[in-house]
Amino acid sequence: MSQTTLIERYQTVIAHIKQLSHQYRQDETAVTLIAVSKTFPSDDIRTLYQQGQRHFGENYIQEWSQKTEQLSDLDIDWHIIGQIQSNKSRIVAEKAAWVHTIDREKIARRLSEQRPTECPPLNVCIEVNTSGSADKHGVMAADVLNLAQQVSALPQLRLRGLMCVPSHPEDAQQLQQEFALMQQLFKGLQAANLDVDTLSMGMSADMEQAIAAGATHVRIGSAIFGQR
Ligand SMILES: *Cc1c(COP(=O)(O)O)cnc(C)c1O
């Protein structure tokens, strides 16, 4: 894709997010865009950075690690939105600003231990398995509060909230149920006095429903960068 087209698509997504934020939440700034750049080159990231974009999402640690080197002159907030194997946690602890996919205490503890003390705490979200299917990532709804309490006790992490990838985004009713569950779990954390402010949900295909359901961060890839 040409850089001109990329910028146009990016501006279209930004305008759409503002419009939906205004429409559903009466606040144009209620929703933060995370531009999901997995599989796309560093040059595309640099182009959007020059347009003012600061939050970028990546899934694959190896690929992301190369990009951090190619883009080390930029002040990017990197969001890790893919699974983290234990043996890859160190670079995440050192170079990411956020991890959205915390699904067990062990990886949370490891990231906290490996987070350099001169860095601010690593922002983290717990990934929820909103459909409860065994083949999906994330923790079951019933285990969210327990894990949230464990994570919030770790010194070098800051628990920000919850994240999900809906099981069947093409099924409007199922989607609405899963987003409603996220809202309910989020309120449960607040009721338990956990200081959370983030609902990370909404991708290219389901951004409007997610914003309507209270998303604070949307993770948009293909609508900006094109098909992978
Ligand atoms: C790839 C990915 C996205 C972006 O998806 P698009 O449909 O391309 O917008 C968002 N979240 C996660 C967890 C992803 O893996």
Side-chain angles (χ1 to χ4, degrees), residues 1 5-21 31-42 44-45 47-48 53-65 67 76-85 88 92 96-104 107 111 122-131 133 135-139 144 160-172 174-175 178-179 181-182 185-186 198-228:
M1 182 184 303
T5 309
L6 174 63
I7 291 170
E8 278 169 13
R9 291 173 67 114
Y10 170 70
Q11 295 297 352
T12 302
V13 168
I14 289 278
H16 195 197
I17 291 173
K18 274 193 188 163
Q19 181 243 315
L20 294 171
S21 304
V31 180
T32 299
L33 167 64
I34 301 169
V36 176
S37 42
K38 63 174 174 229
T39 77
F40 291 98
S42 292
D44 286 358
I45 297 175
T47 295
L48 296 190
Q53 181 64 27
R54 290 294 175 270
H55 299 279
F56 290 90
E58 288 277 342
N59 291 60
Y60 312 112
I61 307 305
Q62 198 79 34
E63 176 194 345
W64 167 63
S65 155
K67 288 176 176 172
I76 291 176
D77 282 335
W78 291 111
H79 293 246
I80 299 304
I81 61 173
Q83 302 305 305
I84 303 171
Q85 292 163 309
K88 303 248 176 75
V92 176
W98 288 70
V99 171
H100 291 240
T101 46
I102 299 294
D103 59 359
R104 55 198 194 280
I107 193 73
L111 289 167
L122 180 62
N123 297 297
V124 297
C125 292
I126 290 174
E127 180 169 2
V128 182
N129 182 340
T130 43
S131 67
S133 320
D135 61 339
K136 296 288 174 193
H137 293 297
V139 295
V144 167
R160 297 295 297 264
L162 302 174
M163 174 273 205
C164 76
V165 177
S167 61
H168 296 93
E170 69 291 345
D171 177 344
Q174 174 78 18
L175 188 64
E178 294 186 25
F179 285 157
L181 173 63
M182 290 289 281
L185 292 168
F186 183 71
T198 300
L199 262 182
S200 166
M201 55 192 199
M203 302 166 46
S204 296
D206 55 21
M207 183 169 87
E208 176 161 2
Q209 293 90 331
I211 291 176
T216 63
H217 291 68
V218 291
R219 309 179 310 266
I220 307 298
S222 49
I224 299 173
F225 295 97
Q227 290 304 321
R228 289 181 293 273

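The structure displayed is predicted, hence computed values, not measured ones. Start at 1 and go down the list; that is how both ligands and their atoms are numbered.
- In this structure, Arg160 contributes its side chain and Leu199 its backbone to no donor-acceptor pair below 3.5 Å.
- Nearest to atom 13 (C) of ligand 1 among the protein's heavy atoms is Ile81 O, 3.5 Å.
- Under a 4.0 Å criterion applied to the non-hydrogen atoms of Met163, ligand 1 contributes the atoms 13 (C).
- Side chain of Asn129 to backbone of Val139: no donor-acceptor contact under 3.5 angstrom is found.
- If you look at Trp98 and His55, their ring centroids are not closer than 6.0 Å.
- Ser37 and Glu58 share a donor-acceptor pair across their side chains, judged by distance under 3.5 Å alone.
- Across the listed options Met203, His79, His137, Met203 owns the non-hydrogen atom lying nearest to atom 3 (C) of ligand 1.
- Every atom of ligand 1 with a heavy atom of Asn59 under 4.0 Å away is listed here by number and element: 14 (C), 15 (O).
- The environment of CD in Glu170 is crowded: more than 12 heavy-atom neighbours from other residues, nucleotides or ligands sit within 6.0 Å.
- For atom 11 (N) of ligand 1, the closest non-hydrogen atom on the protein side is Arg219 NE, 2.9 Å.
- Arg219 and Ser200 share a donor-acceptor pair across their side chains, judged by distance under 3.5 Å alone.
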Practice task
Could you walk me through whether Ser65 and Lys88 pass side chain to side chain contact (heavy atoms under 4.5 Å, CB included), step by step?
Solution key: CA-CA 10 Å; Ser65 155; Lys88 303 248 176 75; over 6 Å; no
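- For ligand 1 and Ile220, the ligand atoms under 4.0 Å from any heavy atom of the residue are 9 (O).
- Contact atoms of ligand 1 toward Val165: 13 (C) (distance under 4.0 Å to a heavy atom of the residue).
- For atom 2 (C) of ligand 1, the closest non-hydrogen atom of the protein is Lys38 NZ, 2.5 Å.
- No hydrogens or angles considered: nothing links the side chains of Glu63 and Thr39 as a donor-acceptor pair under 3.5 Å.
- Of the polar atoms of Gly221, at least one N or O is found under 3.5 Å from an N or O of ligand 1, judged by distance alone.
- The closest approach between His100 and ligand 1 stays at or above 4.0 Å for every heavy atom of the residue.
- Nearest protein heavy-atom contact of atom 6 (P) of ligand 1 is Ser204 OG, 3.5 Å.
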